Each structure stands twice: as structure tokens, then as C-alpha cells.
Amino acid sequence: MTLRIYNTLTRQSESFEPLTPGQVSMYVCGPTVYDNAHIGHAMSSLVFDIVRRYLEYRGYQVRHAMNYTDVDDKIIVRANDAGEEPLHLAERYIEQYAQHLRELNVLPATVYPRATEEIPAIIEMVGGLIDSGNAYAAEGDVYYRVESDDDYGKLSHRKLEDMNAGARINVDERKEHPMDFALWKAAKPGEPAWDSPWGPGRPGWHIECSAMVFRHLGEQIDIHGGGNDLIFPHHENEIAQSESLSHKPFARYWMHNGMMQLSGEKMSKSLGNLITITDFVASHEPDVLRMMILNTSYRRPLTYSDEVVEAAGRGLERLRSGLNPALPGASGAATGVLASLQAEADAAAGKFTAAMDDDFNSAAALAVLFDLVRLINQTRDAGATDAELKPAQDVLRELGGVLGLRLERAQKDADAAPFAALASSLQAEISDAAIAAALSAATSLDAAGIIAALLDARVQLRAQKQWQLSDTIRDRLAVLGVVVEDSAGGSSWRWG
RNA sequence: GGCGACGUGGCCAAGUGGCAAGGCAAGGGUCUGCAAAACCCUGACCACGGGUUCGAAUCCCGUCGUCGCCUCCA
């Protein structure tokens with residue numbers, strides 16, 4: 001079986017064959033850091049994190065680069081408005097985005113190049129493009145000459161003439177052709193600038209990516225990714241620049257994720273209809289966003305709504321239920337039941353891979369996990385022990401991990417004080433001296449120890465049919481974040 | 001105006017020629033003192049209209065609708 005990837009360039013799903021067997025070079029366009037990032041940016045990073053994780057699961061060694069555009073017009077405008085140094089403002093937002101990536105459980109890229117750190121390479125490239133006749137300098141700016149590129153438009157599948165016809169571009173007199181784009185921009189007084197053969201200035205947006213790719217990954221890469229709003233002009237221009245110099249196909253597979261939608265429109269900074277990553281993670285687990293993305297095709301738009309978020313959160317909980325321990329008092333399941341579980345667990349990885357091999361069909365892959373969860377839960381209900389459940393749970397854990405999901409329930413290192421206080425206050429309400437004494441003895445333990453003692457006391461109270469008191473214990477533990485669940489063989493608890 | 005994507009049960013969504021995965025929600029049930037969790041059961045003929053085919057959600061044509069790109073944008 002081979003991995004197939006939908007290539008924007010050919011508009012087809014193709015078998016994935018990297019340039020170097022066993023190795024993959026992947027470049028993903030990161031954000032322009034002039035403001036708080038929103039969950040649309042997060043979506044892109046998550047999509048390619050899933051791609052990267054799956055490639056590694058498939059045995060590829062992945063060299064992954066994601067850039068930060070840390071100098072451009074918007075950054076300069078923002079900084080001027082705020083009275084801050086542009087590069088300082090960019091630095092702040094880079095740090096913030098890096099923190100978001102960690103929270104979202106996105107694996108660190110191999111390199112995080114920044115435009116401002118690539119200036120020499122950019123100047124060299126721009127010079128090379130002038131030498132080759134693909135670019136020209138004009139009053140301190142340098143423009144790429146689109147008519148010098150025979151197949152300009154091949155990625156976005158449009159012809160120069162067509163673009164011309166509908167172009168709403170204010171024609172710049174210095175450009176030979178309206179679609180020519182800036183490789184180098186002359187600096188206005190007060191703007192960040194670097195010396196160049198064309199005078200002080202800064203790089204145009206598109207050239208930085210080409211320079212970074214060439215320098216960090218090589219003239220040809222396997223996968224180039226980003227949001228589908230970058231197809232034109234950004235990626236189109238990257239191809240033009242890069243191939244004009246290298247005369248080789250720039251990227252073998254162009255992957256583009258769909259846009260996050262909110263209230264019927266693309267979420268974007270310019271429209272202002274956005275939810276920042278900060279806001280999202282303040283009220284949701286980061287993996288909920290990942291679940292939302294996994295549940296659909298990465299190429300399609302994802303509409304954000306409270307209902308979708310809710311469903312993703314519950315789905316995540318459901319996956320986690322598969323990792324729950326055996327029921328209290330479990331004594332083992334019938335061999336036939338265990339054999340079925342084993343067979344399903346063995347088959348799961350194959351089904352999972354088949355799904356993901358089909359252009360990262362994560363929704364289908366997720367379905368495999370849900371099926372496995374159901375069987376694990378059935379087996380648990382049939383009396384399986386922890387040891388009997390473990391092999392299937394290990395498969396669930398591993399495959400969930402390939403998708404970047406953290407299924408293990410958080411083991412909080414909780415403060416024991418509130419639990420000790422609870423145990424103490426309950427002593428007074430418990431008439432049975434032995435139970436009260438046991439609770440008293442437990443107050444010096446750690447949180448988990450006290451909780452265990454509370455549950456133990458509750459078991460005895462329930463045996464005495466003291467329902468009100470046992471419900472009180474359950475309710476008060478719930479307030480402290482502990483979920484108590486009773487079953488035929490006893491009680492168990494977990495952090496809720 | 002040009003290019004493209006999409007329209008599947010209440011919601012999200014996979015499937016792209018052979019009798020429609022999965023998740024969420026809802027209803028019923030098992031378990032249970034109650035609760036929770038888990039488990040079991042229940043629902044769609046795939047926007048609409050034509051056509052191709054032995055056979056279409058899946059291919060073709062048309063209509064309606066939604067969205068994206070064509071300007072900065074993940």
C-alpha cells in the first residue's frame with residue numbers, strides 16, 4: 001500500500017514518492033506575526049502536524065520547516081500605531097505562537113526560519129533573478145517579471161490574461177506588467193531596512209519562503225503546505241521565483257488546507273470574525289480543536305460552531321473511555337470475547353493506515369478508533385481485567401498518538417488540603433465510629449490517598465444504605481473535580 | 001466576469017458505479033438505591049430535474065443554494 005496525497009498542482013491524488021526514499025522534506029507557511037493568532041492559523045498548524053506525525057508513523061524521517069514572517073507592511077503599521085519597534089512586536093507574537101503550538105501538542109518543526117534571518121540569502125536570490133532576466137529593479141524596488149515565466153499560473157490554474165482581465169489592481173507605473181510582484185521593497189524613512197544592491201529595503205513577502213526552502217531544505221522539496229488562501233498569489237509566486245533559478249520542480253506535492261469558517265465566512269483578521277487561540281484554549285481543551293479538524297477532511301472548510309465544539313469534546317471523552325481501567329472486581333472475560341478483542345486490535349492498525357493512506361482521511365481513521373473503543377468497552381463490561389484490556393488499549397493509545405491526541409487522562413498532582421478538609425468535616429457527620437476513625441487516619445495522606453479513603457468509607461456507608469451521606473461524599477468530591485462512578489463490583493474515581 | 005470546492009439522517013461527517021462508516025444529539029432498554037459511565041436497540045436512499053448504465057449518493061448535462069480564490073490572509 002502506498003500513501004496517496006492530493007496535489008493542488010495536478011488536482012489529483014497521487015502516490016507519494018519522496019525525492020529521497022525514506023526521507024521527507026516539508027515546508028509549511030506559518031503566520032505573519034502582527035497580531036494574536038486565531039484558530040484558523042491553529043487549524044493549519046494542526047493539519048500539517050497530523051501529516052507530519054503520520055509520515056513519521058509510516059517510517060519516514062521528516063525534515064519540517066515552518067516560517068515566521070516577521071517583517072512586512074502590517075507589522076510596520078501595527079508597530080507604528082503602538083509606538084513599538086516592529087521587530088520587537090514581531091518577536092512578541094512569535095513567542096506567543098510558539099507557546100500556542102506547544103499547548104496544541106504540535107510537534108516542534110525541525111527549523112523555524114524567520115524572514116529577517118534570511119536577508120543575505122534573499123538578496124542573493126533576488127540578484128540571481130535579475131541576472132537571469134526574471135526580475136528588474138525600479139527605483140529601489142525589485143519586481144519579478146511574470147511574463148518571463150512560461151508556466152506562470154500553473155498552480156492556481158489560471159492564465160495571466162484572465163487575471164489581467166478581472167484585475168482590480170491599481171496599476172503601478174514602475175511595473176512592466178500589473179501582475180509583476182515585489183521581490184524587494186525600498187524602505188521609507190523609519191522603516192526597518194537592510195542594505196542591498198538596490199538600496200536599503202526589505203524583502204517582499206513571497207521571496208522569503210523560496211529563500212528559506214532553498215537554504216534549509218534544498219532546491220526541491222517533497223511537500224509544501226499552507227492554507228488554500230495562499231495558493232494564489234503566494235505559492236504561485238514562490239514557484240515562479242524558485243523554478244526560474246533552479247530549473248527544477250520546486251515542490252513535488254502541494255497540500256492546502258481548507259479555511260476555518262465562522263458565521264458563514266472565512267475566519268480572518270481582516271474581517272474580524274475570529275476566535276483567538278488564546279480564547280479557545282481558555283475555555284476548551286486544546287485537543288478539542290484537533291478533534292474538530294480530525295473529524296473532517298483537511299481540504300474542506302470547517303465551520304466553527306458551539307455545537308461542533310461540543311460534539312468534538314464529547315467524542316474525545318468517548319475515545320478516552322476506552323482507556324478506562326477494568327471494572328472493580330473484574331475477574332476475567334471469556335476466551336472468545338478476548339479473542340474478538342485481540343482480532344479487532346490487530347486489525348485496527350491496518351484499517352487506520354488504509355484510511356490515512358488515502359490523503360490523510362482522518363475522519364475514517366477516527367472511525368476505526370471509535371470502533372475499537374466500543375469493543376474495548378464491551379470487553380470491559382464482560383469482566384475483562386486490566387491485563388486483558390491492555391493490548392487493545394495500547395493500540396488505541398498508539399493510534400491516537402499518531403493523530404496527536406492525548407487520550408491518557410490527566411493525572412493531576414492535586415493539593416491534598418481540600419480533600420483533608422473534606423474528610424475532616426465528614427467525620428462529624430458519620431455516626432459509625434470505625435468509618436470515622438479510618439477517615440481521620442487518612443487526612444495525613446496525599447490527595448489520592450484521601451480520595452481512596454473517602455471512597456472506602458462511602459462503600460461501607462452504601463452497604464449500610466446510608467444513601468444521603470454517600471451522595472454527599474460523591475457531590476462534594478465532584479466539586480473538587482473528582483468523578484465517582486459506581487458499578488456492581490465497587491466504586492472507582494477519576495479526575496473529571 | 002474568470003477559476004475552483006461543496007450540498008449525505010436534528011447537527012458534524014466518511015464513502016465517489018453494486019443494496020449508506022463513525023461521532024454528537026434524541027427516544028427506548030440493560031446495569032443501578034440514586035447518579036454517572038459503559039453496553040444494547042431505533043432513524044437517511046444521499047439539494048432538485050434530466051441523462052448514461054443491468055445497476056449511481058458515486059459518471060454526464062442543467063437548475064437552485066453555500067463557500068473560497070482572483071487584493072493582505074493559515
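Fair warning: this is a prediction, and the values are worked out from it, not measured in the lab.
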Check your understanding: If the C1' atom of B:C64 is compared with that of B:A47, how far apart are they to the nearest Å?
Key -> 8 Å
**Study point:** Whole-Å distance separating the CZ atom of A:Arg299 from the P atom of B:G15
**Key:** 9 Å
Practice item. Could you check whether A:Gly40 gets within reach of a base, just the sugar-phosphate, or nothing at all, counting any heavy atom under 4.0 Å? Key: base
Review point. Does the cation-pi check pass for A:Lys175 over A:Phe181, that is, NZ or CZ under 6.0 Å from the six-membered ring centre and within 45° of its axis?
Key: no
Review point. Under 6.0 Å between ring centres, would you say that holds for A:His235 and A:His256?
Key: yes
Point to revise | B:U52 to B:U58 separation - C1' atoms, rounded to the nearest Å | key: 14 Å
**Study point:** Pairing partner of B:U32 (Watson-Crick or G-U wobble, both distances under 3.5 Å)
**Key:** none
Practice item. Identify whether any heavy atom of A:Gly30 sits under 4.0 Å from a base atom; if not, whether one sits that close to sugar-phosphate; answer base, sugar-phosphate or nothing. Key: sugar-phosphate
**Study point:** Electrostatic pair A:Lys351:A:Glu344 at N-O distance under 4.0 angstrom
**Key:** yes
Practice item. Would you classify A:Met291 as touching base, sugar-phosphate or nothing, given that sugar-phosphate means primed atoms plus P, OP1 and OP2, and contacts are heavy atoms under 4.0 Å? Key: nothing
Practice item. Return the value, rounded to whole Å, for the distance between atom CG of A:Asn228 and atom P of B:C3. Key: 18 Å
Review point. Is the side chain of A:Arg380 donor-acceptor paired with the backbone N or O of A:Gly322 at a distance under 3.5 Å, no angle test?
Key: yes
Review point. Are A:Phe352 and A:Tyr54 side-chain neighbours, meaning at least one heavy-atom pair lies under 4.5 Å?
Key: yes
Point to revise | A:Arg174 to A:Tyr143 six-membered ring, cation-pi geometry met (6.0 Å, 45°) | key: no
Review point. Would you say the side chain of A:Asp229 and the base of B:C69 hold a donor-acceptor pair, judged only by whether the two atoms sit under 3.5 Å apart?
Key: no
**Study point:** Between B:C24 (P) and A:Leu294 (CG): distance, integer Å
**Key:** 15 Å
Practice item. Looking only at side-chain atoms of A:Arg158, point me to the closest of B:A14, B:G2, B:A13. Key: B:G2
Review point. Quantified in whole Å, what is the C1' atom distance between nucleotide B:C11 and nucleotide B:C72?
Key: 34 Å
Exercise for review: Quick one: look up who B:C67 pairs with, Watson-Crick or G-U, both distances under 3.5 Å, and put none if it's unpaired.
Suggested key: B:G4
Exercise for review: Looking at every strand, decide which applies to A:Thr32 at a 4.0 Å heavy-atom threshold: base, sugar-phosphate, or nothing.
Suggested key: sugar-phosphate
Practice item. Please confirm whether A:Tyr253 and A:His224 have ring centers closer than 6.0 angstrom. Key: no
Review point. Within the distance-only criterion (no hydrogens, no angle test), does the side chain of A:Thr110 pair as donor or acceptor with the backbone N or O of A:His64 below 3.5 angstrom?
Key: yes
Revision key, fill the gap. Of the candidates B:G4, B:C70, B:C6, the side chain of A:Arg300 sits closest to B:C6
Revision key, fill the gap. A:Pro233 has its side chain closest, among B:A74, B:C72, B:G22, to B:C72
Exercise for review: Starting at the 5' end of nucleotides 32-39 of chain B, put B wherever the base has a protein heavy atom under 4.0 Å, S where only the sugar-phosphate does, and a dash everywhere else.
Suggested key: -BBBBSBS
Review point. Looking across every strand, which nucleic acid part, if any, lies under 4.0 Å from A:Gln261 by heavy atom: base, sugar-phosphate, or nothing?
Key: sugar-phosphate
Practice item. Would you mind telling me which residue lines up with the more 5' stretch of RNA chain B, A:Glu307 or A:Met267, judged by nearest nucleotide? Key: A:Glu307
**Study point:** Whole-angstrom distance between B:C19 and B:A57, as gauged at atom P
**Key:** 11 Å
Review point. Any side-chain heavy atom of A:Ile5 sitting closer than 4.5 Å to one from A:Met255?
Key: yes
Study note, to complete from the structure: Whole-Å distance, A:Lys154 NZ to B:C69 C1', equals 19 Å
Check your understanding: So what does A:Asp73 hit on the nucleic acid, given a heavy-atom distance under 4.0 Å: a base, only sugar-phosphate, or nothing?
Key -> nothing
**Study point:** Nearest-Å distance for atom pair CG/P, residues A:Leu155 and B:G4
**Key:** 14 Å
Check your understanding: Should the pair A:Arg318 and A:Phe370 be classed as cation-pi, given the thresholds of under 6.0 Å to the six-membered ring centre and 45° from the axis?
Key -> no
Exercise for review: To the nearest Å, give me how far apart CG (A:Asn257) and P (B:C67) are.
Suggested key: 19 Å
Point to revise | Counter-base of B:C59, judged by Watson-Crick or G-U geometry with both distances under 3.5 Å | key: B:G51
Practice item. Starting at atom CD of A:Glu236, determine the distance to atom P of B:C72, rounded to an integer number of angstrom. Key: 14 Å
**Study point:** Between B:A14 and B:G49 - C1' atom distance, rounded Å
**Key:** 27 Å
Review point. So what does A:Thr303 hit on the nucleic acid, given a heavy-atom distance under 4.0 Å: a base, only sugar-phosphate, or nothing?
Key: nothing
Point to revise | Rounded P spacing from B:G43 to B:G23 in Å | key: 15 Å
Review point. B:G62 and B:A21: how far apart are their P atoms, nearest whole angstrom?
Key: 32 Å
Check your understanding: Taking the P atom of each, how far is B:G4 from B:C60, in whole Å?
Key -> 13 Å
Check your understanding: So what's B:C45 paired with, Watson-Crick or G-U wobble, going by both distances under 3.5 Å?
Key -> none
Exercise for review: Have a look at A:Ile231 and say if it touches a base, only the backbone sugar-phosphate, or nothing, with a 4.0 Å heavy-atom cut-off.
Suggested key: nothing
Practice item. Starting at atom CZ of A:Arg4, determine the distance to atom P of B:U16, rounded to an integer number of angstrom. Key: 12 Å
Exercise for review: Assess whether one donor atom and one acceptor atom, taken from the side chain of A:Asn361 and the base of B:G15, lie less than 3.5 Å apart.
Suggested key: no
Practice item. Have a look at A:Gly264 and say if it touches a base, only the backbone sugar-phosphate, or nothing, with a 4.0 Å heavy-atom cut-off. Key: sugar-phosphate
